[in-house]
Amino acid sequence: MKYILIVFIVICQLGGLLLLFFNMTWAIVAFSIYGVALLTLLIIFILERRKEKKEEMDYDDCDY
């Protein structure tokens, strides 16, 4: 899921830059989609990191 979002973000960013030369309206749409996808990816990374931190805290209580 994360890799698909990263590829989609790159495509939207490059497409938005290309569309700036042809149609400003579609460029704004492409950059808007880029922003939403980037925000979604950041939220996924933050939630995943919090989950990892919680798991690390659980392992700290183990007796070796």
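Positions are given from 1, in the same order as the sequence printed here. Because only heavy atoms are used, hydrogens play no part in the values below, and waters and symmetry mates are left out as well, while side chains stay in.
Cluster membership check: Leu5 shares its hydrophobic cluster with Phe45, using side-chain heavy-atom separations under 4.5 Å among Ile, Leu, Val, Met, Phe, Trp and Tyr. One hydrophobic cluster holds both Leu17 and Met24 under the rule that ILVMFWY side chains link at heavy-atom gaps under 4.5 Å. Side-chain heavy atoms closer than 4.5 Å link hydrophobic residues (I, L, V, M, F, W, Y) into clusters, and following such links, even through other members, never connects Ile6 to Val36. Linking ILVMFWY side-chain heavy atoms closer than 4.5 Å, directly or via other members, places Ile33 and Trp26 in a single hydrophobic cluster. Note on Val29 and Phe8: same hydrophobic cluster, where clusters join Ile, Leu, Val, Met, Phe, Trp and Tyr whose side-chain heavy atoms are under 4.5 Å apart, directly or indirectly.
Leu38 has its side chain within reach of Tyr34: a pair of non-hydrogen atoms, C-beta onward, lies under 4.5 Å apart. Between Leu19 and Phe31 there is no side-chain heavy-atom pair separated by less than 4.5 Å.
Distance check: Leu20 CG to Ile28 CD1 gives 8.5 Å after rounding to the nearest 0.5 Å. The CD1 atom of Ile9 sits 12.0 Å away from the CG atom of Leu14 when rounded to the nearest 0.5 Å. Put simply, NZ on Lys2 and CG on Leu41 are 8.5 Å apart, with the number rounded to the nearest 0.5 Å.
When every heavy atom of Ala27 is checked against every heavy atom of Gly16, the shortest pair comes out as CB-O, 3.7 Å.
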May I have the step-by-step check of salt bridge (Lys or Arg N to Asp or Glu O under 4.0 Å) for Glu48 and Lys51, ending in yes or no? CA-CA 5 Å; Glu48 198 171 271; Lys51 183 179 174 185; over 6 Å; no
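Only one option out of Ile11, Ile4, Val10 pairs with Val7 in a side-chain contact (heavy atoms from CB on, under 4.5 Å); it is Ile11.
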